[in-house]
Undergrad: 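Sharing a structure, written as structure tokens. Questions coming.
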Amino acid sequence: MDKTKYILDEKKMPTHWYNVQADLPEPLPPYLHPGTKEPTRLPPPLFCEEINKQEFSKERYIEIPDEVQEVYRVWRPTVLQRAYRLEKFLDTPAKIYYKYEDSSPAGSHKPNTAIAQAYYNKKEGVKRLSTETGAGQWGSSLAFACKLFDLECKVYMVKVSYNQKPYRRIMMETWGAKCVASPSIDTKVGRDLLAKDPNNNGSLGFAISEACEDAFSRDDTKYSLGSVLNHVLMHQTVIGQEAMLQMEMAGHYPDVVIGCVGGGSNFAGLALPFMKDKLTGKKKNTRFIAAEPTSCPSLTKGPYTWDLGDVAGMAPIAKMYTLGHDFMPPPVHAGGLRYHGMAPVISHLAKLGFIEAKAVPQIATFEAGITFARTEGFISAPETNHAIRVTIDEALKCKETGEAKTILFIHSGHGHFDMSAYESYLSGKLVDYDFSDEAMKESLKTLPEIPAQFK
Ligand SMILES: Cc1ncc(COP(=O)(O)O)c(C=O)c1O
């Protein structure tokens with residue numbers, strides 16, 4: 001038997017982030033200003049200069065500052081594992097590898113960008129960051145990053161997750177952040193919504209509006225986003241660059257690369273460095289599969305069109321696969337996958353045919369997560385279970401065809417704060433939610449009007 005764990009020396013940790021914009025066959029569409037509908041940068045009151053620069057950079061590699069590398073070294077490089085026990089259980093000839101991002105202090109891939117964003121904001125004199133969080137992984141990552149760089153942090157947590165996961169809030173408070181349930185009374189958009197609908201459970205798109213209003217309304221505050229935008233996806237590419245070296249150590253190159261997608265950042269982090277080989281013709285046949293919930297299926301059901309990044313129209317308009325910014329996803333346990341849109345980079349690559357998407361129902365994802373826990377041992381975040389589901393399905397296809405493919409997936413986070421979700425599955429109470437084409441059609445009615453030259 002070959003090795004189970006591939007451990008990179010700290011000295012091999014990437015010193016640069018990989019920027020896929022340098023290798024795209026066609027450039028990304030611009031962002032449009034929600035008011036003027038003209039191409040725009042990220043709004044400067046929300047984002048610091050360096051982040052804005054990185055968002056539009058075409059440089060292939062951007063140096064990771066020493067101060068950021070120093071913090072990364074607390075848990076990076078992360079381990080790459082071969083899932084022998086899962087392979088054996090599935091009786092598949094496939095070779096399954098996973099890149100294990102749970103070992104960060106917050107328990108997921110999210111600190112890879114949180115640290116970088118906190119560092120640049122601190123350097124430019126910002127005192128406080130505001131953000132939203134779904135499942136709480138992002139909020140806790142930013143809380144941790146802000147504490148290390150001595151910034152205040154305010155987190156608007158989607159109410160359904162706030163109620164499902166009280167310990168995530170306490171984690172944020174442990175790192176000194178303030179966390180409130182969104183919709184909240186702390187913003188005008190929040191108060192307006194609560195006046196209309198006091199029992200509103202919130203959504204990521206709405207929590208973004210609250211966090212943006214917070215940053216717009218204070219001079220000492222900028223906004224920080226944990227997914228979707230180009231710079232966020234780029235910061236995550238430390239994952240894929242490490243995985244490339246580790247796959248080399250293992251003597252295999254992946255035939256299939258899999259990750260779950262909410263806004264697209266963990267999948268991009270693993271996939272984009274391998275995607276470079278596909279885009280440059282070095283490895284033409286690698287497949288990239290994005291796993292999303294059937295209840296919030298932006299890539300598999302949504303149109304590729306211009307939409308607002310948030311409910312209230314404070315963030316720029318982006319071209320992406322979207323269910324409409326008013327779409328209210330059902331309260332699935334994978335709170336981090338309840339976003340109406342998808343990263344422009346992932347949307348663009350999917351549109352050009354470089355990325356496939358698969359939608360999977362909630363119960364099937366927990367079945368996969370339980371199988372993983374009972375073979376490999378690790379208890380995975382509900383989001384991660386989507387990637388595991390698609391991995392298992394691909395491995396079972398290999399069993400049918402007899403092909404010994406190499407499958408690599410990203411284990412984006414642990415599920416230690418998701419025990420109520422597991423309890424719900426184990427006691428047979430977990431439900432699947434239907435996706436309503438009608439509801440999507442309704443929310444797509446509120447897409448912004450776009451000038452003809454951008455259509
Ligand atoms: C563990 C985990 N995986 C995946 C995601 C989805 O986000 P993204 O698509 O940006 O990786 C989240 C978001 O909260 C998460 O917490």
Side-chain angles (χ1 to χ4, degrees), residues 78 98-114 117 131-144 155-158 160-162 164-165 168 171-172 203-204 207-208 224-237 239-240 258-272 289-293 296-299 309 320-321 329 332-347 350 355 357 360 365 369 372 378-390 409-418 421:
T78 59
Y98 55 102
K99 181 71 169 152
Y100 186 75
E101 286 297 303
D102 311 24
S103 52
S104 79
S108 75
H109 63 294
K110 297 276 179 183
N112 296 330
T113 183
Q117 294 190 45
T131 196
E132 72 294 325
T133 194
Q137 287 273 16
W138 167 243
S140 29
S141 301
L142 194 70
F144 158 60
V155 183
Y156 295 85
M157 183 168 183
V158 179
V160 58
S161 300
Y162 185 91
Q164 274 166 353
K165 301 189 200 191
R168 274 279 166 201
M171 215 171 163
M172 293 179 233
S203 71
L204 269 176
I208 296 176
S224 177
L225 188 62
S227 189
V228 182
L229 297 176
N230 306 337
H231 66 273
V232 180
L233 272 55
M234 184 186 75
H235 295 157
Q236 294 294 353
T237 59
I239 302 171
I258 296 169
C260 66
V261 284
S265 74
N266 82 90
F267 173 62
L270 178 68
L272 294 180
I289 311 178
E292 63 182 9
C296 192
S298 46
L299 281 169
M320 57 184 176
Y321 284 95
V332 285
H333 288 281
L337 307 187
R338 293 175 76 244
Y339 182 59
H340 65 271
M342 184 51 59
V345 164
I346 300 297
S347 298
I355 289 173
V360 280
T365 64
F372 195 76
F378 297 113
I379 298 178
S380 316
E383 292 83 359
T384 310
N385 285 343
H386 291 67
I388 298 173
R389 175 75 265 163
V390 172
F409 80 91
I410 173 158
H411 198 276
S412 56
H414 67 63
H416 297 177
F417 296 98
D418 299 281

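In each ligand, atom 1 is the first atom listed, and ligand 1 is the first ligand listed. Keep in mind it's a predicted model, so treat the numbers as computed, not measured.
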Undergrad: Is any side-chain heavy atom of E292 closer than 4.5 Å to one of S298?
TA: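 Yes. Closest side-chain heavy atoms under 4.5 Å.
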
Undergrad: List the steps and the verdict of side chain to side chain contact (heavy atoms under 4.5 Å, CB included) for L204 and H340.
TA: CA-CA 8 Å; L204 269 176; H340 65 271; over 6 Å; no

Undergrad: Between F378 and Y98, how do the two ring planes meet: parallel, tilted or perpendicular, split at 30° and 60°?
TA: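 Plane angle over 60°, so perpendicular.
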
Undergrad: May I ask you to check whether S224 and Q117 show a side-chain donor-acceptor distance below 3.5 Å?
TA: yes

Undergrad: Write none if no such pair exists; otherwise list each N/O atom of ligand 1 with its protein N/O partner under 3.5 Å and the distance.
TA:
| residue | atom | partner | partner atom | Å |
| --- | --- | --- | --- | --- |
| ligand 1 | 3 (N) | S412 | OG | 2.8 |
| ligand 1 | 7 (O) | K110 | NZ | 3.3 |
| ligand 1 | 9 (O) | G262 | N | 2.7 |
| ligand 1 | 9 (O) | G263 | N | 3.1 |
| ligand 1 | 9 (O) | G264 | N | 2.8 |
| ligand 1 | 9 (O) | S265 | N | 3.3 |
| ligand 1 | 10 (O) | K110 | NZ | 3.2 |
| ligand 1 | 10 (O) | S227 | OG | 2.5 |
| ligand 1 | 10 (O) | S265 | N | 3.0 |
| ligand 1 | 10 (O) | S265 | OG | 2.7 |
| ligand 1 | 11 (O) | H109 | NE2 | 3.0 |
| ligand 1 | 11 (O) | S265 | OG | 3.2 |
| ligand 1 | 11 (O) | N266 | N | 2.8 |
| ligand 1 | 11 (O) | N266 | ND2 | 2.7 |

Undergrad: Just checking, is any N or O donor in the side chain of E101 or S108 under 3.5 Å from an acceptor N or O on the other one?
TA: no

Undergrad: Under a 3.5 Å threshold, yes or no: a donor from one side chain and an acceptor from the other, between R389 and T365?
TA: no

